[in-house]
Amino acid sequence: HLDDSLAVSQVSYHFRKLVKAGCVEVVQRRIRRGAVEHVYRGAARAAFTAEEWGTLHPERRREISGVILQGLMARIESAVLEDTFDAREDRCLAWTQMALDEQGWRELAELSRQATAAVERVREGSEERLGRAGKPVRISPITWGMLAFESPPSAGP
């Protein structure tokens, strides 16, 4: 929903900039009331290094984390409701509560970065294979997520 003072031309200008920057891509065009309506999807993934994350104001970090978690929880809920969450016997669901010293936290953070980089390589390889496929290929929509965070003291180890 747009503010009435924001002209459609301004929005269009900004979306063209986002397309040019590779942040979004047009996935559909349709004629609606004599105009072309564009449907976009995000093409770039937001990622912060620890240093970049540290420069953000704590309130901004909370907002970003909230949006990411809402999106992940919505995907999980949708998969459970549509019976796809447990459709694969090799699906992954695990969590571990633990007490770590600073070295343990640093080791876990590094392991998390390595796992995320490996997942990105899997995604890129799959996209490359799909791009080379000369015939229709079965595609499975997959959601992957990983969390590592400091728990409140009341949660215990």
Side-chain angles (χ1 to χ4, degrees), residues 1 14-15 17-30 32 36-157:
H1 299 281
H14 290 290
F15 267 92
K17 297 285 259 182
L18 290 170
V19 168
K20 188 174 182 179
C23 296
V24 298
E25 60 189 357
V26 178
V27 294
Q28 187 177 8
R29 289 182 178 86
R30 52 186 173 225
R32 193 174 288 244
V36 179
E37 178 183 55
H38 295 88
V39 178
Y40 300 89
R41 77 168 168 208
R45 287 160 178 75
F48 295 91
T49 64
E51 294 77 23
E52 292 167 332
W53 190 248
T55 65
L56 296 175
H57 187 277
E59 180 59 30
R60 187 69 180 132
R61 291 195 306 238
R62 260 190 305 280
E63 290 171 359
I64 293 169
S65 293
V67 168
I68 292 169
L69 287 169
Q70 284 176 342
L72 179 57
M73 294 307 292
R75 285 220 176 237
I76 293 168
E77 180 182 32
S78 175
V80 169
L81 293 174
E82 295 183 32
D83 291 326
T84 61
F85 190 89
D86 292 308
R88 292 176 176 261
E89 292 177 9
D90 59 350
R91 71 101 170 100
C92 177
L93 174 63
W95 68 276
T96 303
Q97 191 170 342
M98 60 189 114
L100 298 178
D101 61 6
E102 281 303 308
Q103 180 179 337
W105 170 254
R106 287 190 301 274
E107 291 171 3
L108 182 62
E110 179 57 28
L111 183 59
S112 298
R113 282 189 286 280
Q114 290 172 11
T116 301
V119 167
E120 261 313 286
R121 288 191 298 274
V122 168
R123 183 192 59 78
E124 290 167 355
S126 186
E127 286 182 359
E128 185 179 309
R129 288 187 299 277
L130 288 169
R132 289 193 316 256
K135 58 183 178 187
V137 178
R138 181 179 181 266
I139 298 173
S140 299
I142 303 295
T143 298
W144 178 86
M146 181 172 53
L147 304 169
F149 56 92
E150 188 168 332
S151 300
S154 61

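In this chain, residues are counted from 1 in sequence order.
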Q | Qualifying side chain to side chain donor-acceptor pair (under 3.5 Å) pairs with a residue from residues 68-80, counting only residues at least two apart or across chains | A | Ser78-Glu82

Q) Less than 4.0 Å between a side-chain N and a carboxylate O, is that true for Arg106 and Glu110? A) no

Q) Looking at residues at least two apart in the chain, or sitting in another chain, which of them share a side chain to side chain contact (heavy atoms under 4.5 Å, CB included) with Trp53? A) Phe48, Leu56, Arg61, Ile64, Ser65

Q.
Could you work out, with side chain to side chain contact (heavy atoms under 4.5 Å, CB included) as the rule, every residue matching Thr49, not counting sequence neighbours?
A. Glu51, Glu52

Let me check something: any side-chain donor-acceptor pairs from residues 20-28 under 3.5 Å, sequence neighbours excluded? List them with distances.
| unit_1 | atom_1 | unit_2 | atom_2 | d |
| --- | --- | --- | --- | --- |
| Glu25 | OE2 | Arg41 | NE | 2.5 |
| Glu25 | OE2 | Arg41 | NH2 | 2.7 |
| Gln28 | OE1 | Arg30 | NH1 | 3.3 |

Q: Taking all heavy atoms of Ala87 and all of Asp83, pick out the closest pair and write down the distance.
A: CB-O, 3.9 Å

Q: Report yes if the side chains of Asp86 and Leu93 come closer than 4.5 Å at any heavy-atom pair, otherwise no.
A: no

Q.
In the structure I gave you, are the side-chain heavy atoms of Leu72 and Ile76 within less than 4.5 Å of one another anywhere?
A. yes

Q.
Nearest 0.5 Å, please: how far is CG in Leu108 from CG in Leu100?
A. 6.0 Å

Q.
Could you measure the distance from the CZ atom of Arg91 to the CD1 atom of Ile142? Nearest 0.5 Å is fine.
A. 12.5 Å

Q) When you look at CD of Glu124, are more than 12 heavy atoms from neighbouring residues, nucleotides or ligands closer to it than 6.0 Å? A) yes

Q: Give every residue pair that meets the ring pair (Phe, Tyr, Trp, His ring centres under 6.0 Å) criterion with at least one member in residues 61-113, sequence neighbours excluded.
A: none

(Q) Show me the pairs that pass salt bridge (charged side-chain N to carboxylate O under 4.0 Å, His left out) and involve residues 130-140, at least two apart or across chains. (A) Glu128-Arg132

Q. Looking only at atom types and distance, does a side-chain atom of Thr116 sit under 3.5 Å from a main-chain N or O of Ser112, one as donor and one as acceptor?
A. yes

